[in-house]
Engineer: 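This is the structure, below, for whatever I ask next.
In what follows, chains are A, B, ... by sequence order, proteins preceding strands, each numbered from 1. Since we're looking at a predicted model, the values are computed, not measured.
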Amino acid sequence: MSERKYDPHEIEPRWQAVWADEHTWEVSNEGALATGARGASGPESEQTSSYVLEMLPYPSGEPHIGHLKVYSVGDAIAHYHRRLGRRVLHPMGYDSFGLPAENHAIKTGVHPRASTDASIASFQRQFREWGISIDWSRELATHEPSYYRWTQWIFLQLFDAGLAYRKEAAVKWCPKDQTVLANEQVSPDGTCERCGATVEVRQLEQWFLRITDYAERLLNDLNEIEWPEHVKTMQRNWIGRSEGAEVTFRCEELGIDYPVFTTRPDTLFGATFFVMAPEHPDVLRLVAGTEREREVREYVSHAITESGEERGNAEKPKTGVALGRTVTNPVNGEQIPVYVADYVLMEYGTGAIMAVPGHDERDHAFARAFELPIRRVIEGTPPEGSGDEQGLPYTGDGSLVNSNAEFDGMDNREALSAIVSWLDREGKGHASVNYRLRDWLISRQRYWGTPIPIVYCEDCGAVPVPEDQLPVRLPDVEDYAPKGRSPLAAAEEWVRTGCPECGGEARRETDTMDTFVDSSWYFLRYCDAANAEAAWDPAVLGEWMPVDQYIGGVEHAILHLMYARFFCKALADLGHLDFQEPFRALFTQGMITKDGAKMSKSRGNVVSPSSIVERYGADTARCYILFIGPPDQDADWSDEGMEGVHRFLSRLWRLAAEVAERGREEPHAAPPAGSHATLPRVEHVPPGGVAHAPPRTTSAFQEHAAPSTAEDAPTGASASRARTGSAADDDLTLLRKAHWAIDKVSGDLRRFAFNTAIAAVMELLNECSRLRESVSVDSQRFALATAASLLFGFAPHVSAEAYELLMGERVWEQPWPRAEEEMLERDTYELVCQVNGRLRDRVQAASDASPDELKALCHAAPNVRAHLDGKEIVKEIVVPGKLVNLVVR
RNA sequence: GCGGCGGUGGCGGAACGGUAGACGCGGAGGCCUCAAAAGCCUCUGUCCGCAAGGGCGUGUGGGUUCGACUCCCACCCGCCGCACCA
């Protein structure tokens, strides 16, 4: 046993230096271009290139444990793909614009660029210390003009296509961050997702991206991608598609048509009133100059200042005010009263609804509160415990009643389409689809972001900055503090500019873009990061995109992942891309918690990657984080668990060092005492072949293949062949274990089961350790080299070290090991003997035994006999390779 | 309310419808050592039993099956998303 100790602090920097000096993980685009378009749908084995991407970090302070996890997962995948023979693009960058750096600047006066750059330097250093296999030649940061120049270019493409537009709207405003927010950035409780302040509504003119144009495609194309079901579900919910009809209700007095969206046109005959949202622009117009005006004004101003939380509470009693107007129900000509009520939302549908109190719970509650008529138009009884004396509201299916001669008696589902057809013919409505998704508000009244490349001219209006004048650089300012307008507005010299169209005086847009715009296309830029002429060369993109495996946190399930999909579709429509979906497969990793709680500074339970790496080395940290449990689930950090992984890596290194030493002392020519003379030495095969071929089948293998019988096989569960077996048996046992591990790890990697993959390597190492006295150096070397090879993607440094000690070669240059079929097959196995489905005995059976032979073995098993005593056998189930089950009575 | 994901030893977790608890942690005992650390070995779901062996065990209750952690039905609990969405 070597006296030396596993020292990650000596090993890790040495290998990091090799990878850095040799630019090991860089890939060029030329190869990709030369091979032509890669078979996007081709089988895994034929794929020649692969794009493995983890979500880029927001550089703030130091990397945290979540970063360690996501890049450990991504690196394992990247290495696996490489060793399957693919050229792997595995880049890194920084989402470096954003509020935290700016808030820090407000507090300290340090320019956000300075703190951001410092943080980026820390991330870079740690990524190298973790040994992540990154192609550093493609590194980018979204705050660099060389990057945001193209963010601005994309904005202009969208602007030219009418997909970026400016409009005044009721928008979400965070009073603390002093900026508007996207709908997606407001938490369900009506607070700012970032700072927690209660979000207000303000009427402001803002920039939007027309993501709603893509609602249908964003929904449908979810079927084309390999994403976790829960993420797809979240996106589907967020898009919120509803099928129904748009129906026009006319206000005869004023001659105005009001379309409403309904999913239940079959209940149109039950519409007994009409309700508008407080924000509806016509509410005040309808009451202007009437005695109702004052009351309505008061109600409206109260309603729009209510917080989303107050207003959104479904339990809240219904409130509202009658407008003193009526509209005509198009199906029966009835005049029905119009109300304003806060339960109707301006942002969904048309901001006005037809109210059917007989068949809608909310309308029913309102009708009761305001004593409005409630009419049943569909027969049926609501579930127990709901509904009034008449069984209303009833929201289920049934036959139409109280409608008209044409539709009464008709099944409501049929009636639905029949009524829509009728409306269509009469010009009073049509089938319609409505979405919950809103357009994406991208302007922010903040400093640290990509400037929006627009100037305002008195004569020409909003004019795009010409492409050759990009980037519009972010100017330096004195004061970053938000004052309800962008800090950029204070940079007067920067703001004042000439109009690109008429040359006259103009002023620059002073808002910046939401940082989600920056991160909606970074994966494209990686493909062609050095391109100074264009955002990308479509030919280069064609080689790498779409991303084969994207990895990140679920927290981006809606925001980033929806925006990036939208960008791809829009840019594809504009002819800049030839694919629709950016991320073919997605993996979402779970959170690492401490003592069951999210790590946070305020809780004081933060485990910092740098402290773990300092103490145990990067390999232990990475390996533990993958071993802790299924990577898509949350997992709780345990220092003891990490100690266990550290012991495992120590043992691997120690055994490798020991075997390397033993190998030097005992050259292959003189194997010890005949025990394994029949086993040839490990072969070295050039790249493209099998990495380290296992010893070929020899007499040792055949000797072992002698079939056992029930009589001579051990019957006790704990009987161990290895203990009593000869040295050659042990060699074979170990080699088989190695091949088993190759097979197991290969399968586990395909399904992201890193925890069980590492467990399999642990098993192999346990076997090496257990048999180390009785097997040949060659067998030991093969088994340990296999362990190192399989472990390389999880613990690269120690694996590279061990492999080099054993084989004198670089493990990452070896192809992924292949398990040999014959080494996976067993000539005997443990046959499970059951009586009535209960385990009663285990016996050795020959692999090629016939069902009848297996039955006989089972009958002969001592403990089976005891349970058969005096019973009648009714059925015998034989599962070759597994078990025999005797059913008795 | 709608949708999604979960519930297995003291703990993290393994188990194509076929030996429940791999692997690791923790625990107990032992070896090595003057001693300790490190390392190594054995045991470790639970109850009965000296043992052989047996009973009970994967949230609850049913069902399908020779056989169910796994499939089906009805519940309970937890987490996540959406929700006065017409």
Engineer: Indicate, with yes or no, if the rings of Phe366(A) and Tyr339(A) have centres closer together than 6.0 Å.
Structural biologist: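 Phe366(A) vs Tyr339(A): aromatic centres under 6.0 Å.
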Engineer: In this structure, how many angstroms lie between the P atom of C23(B) and the CE atom of Met762(A), rounded?
Structural biologist: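 My rounded result for the distance is 10 Å.
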Engineer: Does Lys318(A) make a cation-pi contact with Tyr343(A), if we ask for NZ or CZ under 6.0 Å from the ring centre and within 45° of the axis?
Structural biologist: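 Because its charged atom sits under 6.0 Å from the ring centre and within 45° of the axis, Lys318(A) does stack over Tyr343(A).
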Engineer: Can you find a side-chain donor-acceptor pair between Thr212(A) and Asp439(A) that sits under 3.5 Å?
Structural biologist: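 There is such a pair (donor and acceptor under 3.5 Å, judged by atom type) between the side chains of Thr212(A) and Asp439(A).
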Engineer: Taking O4'-C1'-N9-C4 for purines and O4'-C1'-N1-C2 for pyrimidines, is G54(B) syn (within 90° of 0) or anti?
Structural biologist: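 With its glycosidic angle more than 90° from zero, G54(B) counts as anti.
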Engineer: Using a 4.0 Å heavy-atom cut-off across all strands, classify Asp360(A) as base, sugar-phosphate, or nothing.
Structural biologist: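 Nothing, no nucleic acid heavy atom in range.
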Engineer: Would you mind classifying the nucleic acid contact of Arg647(A) as base, sugar-phosphate or nothing, using non-hydrogen atoms under 4.0 angstrom?
Structural biologist: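 Arg647(A): backbone/sugar contact only, no base atoms under 4.0 Å.
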Engineer: Confirm from the modelled atom types if Asn237(A) and C82(B) form a donor-acceptor pair under 3.5 Å, side chain to base only.
Structural biologist: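 Check fails, no donor-acceptor contact within cut-off.
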Engineer: Ring of Trp238(A), cation from Arg565(A) - is the NZ or CZ under 6.0 Å from the centre and inside 45° of the axis?
Structural biologist: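 No - Arg565(A) does not lie over the ring of Trp238(A) by the 6.0 Å and 45° rule.
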Engineer: Classify the nucleic acid contact of Thr263(A) as base, sugar-phosphate or nothing, counting any heavy atom under 4.0 Å across all strands shown.
Structural biologist: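 Thr263(A): backbone/sugar contact only, no base atoms under 4.0 Å.
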Engineer: For the side chain of Asp619(A) and the backbone of Val798(A), is there at least one donor-acceptor N/O pair under 3.5 Å apart?
Structural biologist: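 Here the side-chain-to-backbone pair exists.
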Engineer: Between C41(B) atom C1' and Arg651(A) atom CZ, what is the distance in whole Å?
Structural biologist: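 It is 12 Å, rounded to the nearest whole Å.
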Engineer: Between Lys875(A) and Val887(A) (side chain of the first, backbone of the second, donor and acceptor by atom type, cut-off under 3.5 Å), is there such a pair?
Structural biologist: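 Between the backbone of Val887(A) and the side chain of Lys875(A) there is no qualifying donor-acceptor contact (under 3.5 Å).
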Engineer: Using whole Å, what does the distance between atom P of nucleotide A83(B) and atom CG of Leu345(A) come to?
Structural biologist: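 That distance rounds to 10 Å.
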Engineer: Just call it for Val260(A): base, sugar-phosphate, or nothing, with non-hydrogen atoms closer than 4.0 Å on any strand.
Structural biologist: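 Since no nucleic acid heavy atom lies under 4.0 Å of Val260(A), the category is nothing.
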Engineer: Identify each atom pair where a protein N or O and an N or O of nucleotides 9-16 of chain B are less than 3.5 Å apart, giving names and distance.
Structural biologist:
| unit_1 | atom_1 | unit_2 | atom_2 | d |
| --- | --- | --- | --- | --- |
| G12(B) | O2' | Ile628(A) | O | 2.7 |
| G13(B) | O3' | Asn755(A) | ND2 | 3.4 |
| A14(B) | OP1 | Asn755(A) | ND2 | 3.0 |
| A15(B) | OP1 | Arg751(A) | NH2 | 3.1 |

Engineer: Which pair of non-hydrogen atoms, one from Ala861(A) and one from Asp841(A), has the smallest distance, and what is that distance?
Structural biologist: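 Closest heavy-atom pair between Ala861(A) and Asp841(A): CB-OD2, 3.6 Å.
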Engineer: With sugar-phosphate meaning primed atoms plus P, OP1 and OP2, does Arg889(A) contact a base, only sugar-phosphate, or nothing at under 4.0 Å between heavy atoms?
Structural biologist: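 The residue Arg889(A) makes no contact with any strand.
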Engineer: What is the nucleic acid contact for Lys318(A), judged by heavy atoms within less than 4.0 Å: base, sugar-phosphate only, or nothing?
Structural biologist: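 Answer is base: heavy atoms of Lys318(A) come under 4.0 Å of a base.
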Engineer: Measure CH2/Trp653(A) against C1'/G39(B) and give the value in whole Å, please.
Structural biologist: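 Between C1' of G39(B) and CH2 of Trp653(A): 14 Å.
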Engineer: Going by an N to O cut-off under 4.0 Å, is there a salt bridge joining Arg651(A) and Glu658(A)?
Structural biologist: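 Judged by the 4.0 Å cut-off on N to carboxylate O distance, Arg651(A) and Glu658(A) do not form a salt bridge.
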Engineer: Categorize His359(A) for me: base, sugar-phosphate, or nothing, with a 4.0 angstrom heavy-atom threshold over every strand shown.
Structural biologist: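 The answer is nothing, as His359(A) stays clear of every strand by at least 4.0 Å.
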Engineer: What's Gln834(A) touching, base or sugar-phosphate or nothing? Going by heavy atoms closer than 4.0 Å.
Structural biologist: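 Contact class for Gln834(A): base.
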Engineer: When all nucleic acid strands are considered with a 4.0 Å heavy-atom cut-off, which category describes Gly644(A): base, sugar-phosphate, or nothing?
Structural biologist: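 Sugar-phosphate contact only - Gly644(A) comes under 4.0 Å of backbone atoms but never of a base.
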Engineer: Applying ring-ring contact (aromatic ring centres under 6.0 Å, His included), name anything that partners Tyr616(A), two or more places apart in sequence or on another chain.
Structural biologist: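 Once residues adjacent in sequence are excluded, the partners of Tyr616(A) under the ring-ring contact (aromatic ring centres under 6.0 Å, His included) criterion are His646(A).
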Engineer: Heavy atoms under 4.0 Å, any strand shown: does Asn434(A) hit a base, just sugar-phosphate, or nothing?
Structural biologist: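 Here Asn434(A) touches no strand at all.
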Engineer: Would you call Asp342(A)-Lys316(A) a salt bridge at under 4.0 Å N-O?
Structural biologist: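 Yes, Asp342(A) and Lys316(A) are salt-bridged.
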Engineer: Dot-bracket, RNA chain B: Watson-Crick or G-U, under 3.5 angstrom, [ ] crossing, | other strand?
Structural biologist: (((((((..(((.....[....)))((((((.......))))))((((....))))..(((((..]....))))))))))))....
Engineer: Under 4.0 Å between a Lys/Arg side-chain N and an Asp/Glu carboxylate O for Asp7(A) and Lys5(A)?
Structural biologist: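 Salt bridge absent between Asp7(A) and Lys5(A).
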Engineer: List every contact pair, protein side and nucleotides 68-71 of chain B side both N or O, where the distance is under 3.5 Å.
Structural biologist:
none

Engineer: Check the surroundings of atom NE2 in His9(A): do more than 12 heavy atoms from other residues, nucleotides or ligands lie under 6.0 Å from it?
Structural biologist: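 Yes, because the 6.0 Å sphere around NE2 of His9(A) holds more than 12 heavy atoms from other groups.
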Engineer: Base, sugar-phosphate or nothing for Val879(A)? Non-hydrogen atoms, less than 4.0 Å.
Structural biologist: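 The answer is base, as Val879(A) lies within the cut-off (heavy atoms under 4.0 Å) of a base atom.
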Engineer: Which of residues 271-279 of chain A sit near RNA chain B, with a heavy atom under 4.0 Å from it?
Structural biologist: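 Contacts with RNA chain B under 4.0 Å: none.
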Engineer: Quick one: list whatever passes ring-ring contact (aromatic ring centres under 6.0 Å, His included) with Tyr299(A), sequence neighbours left out.
Structural biologist: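 For Tyr299(A) there are no ring-ring contact (aromatic ring centres under 6.0 Å, His included) partners, ignoring immediate neighbours.
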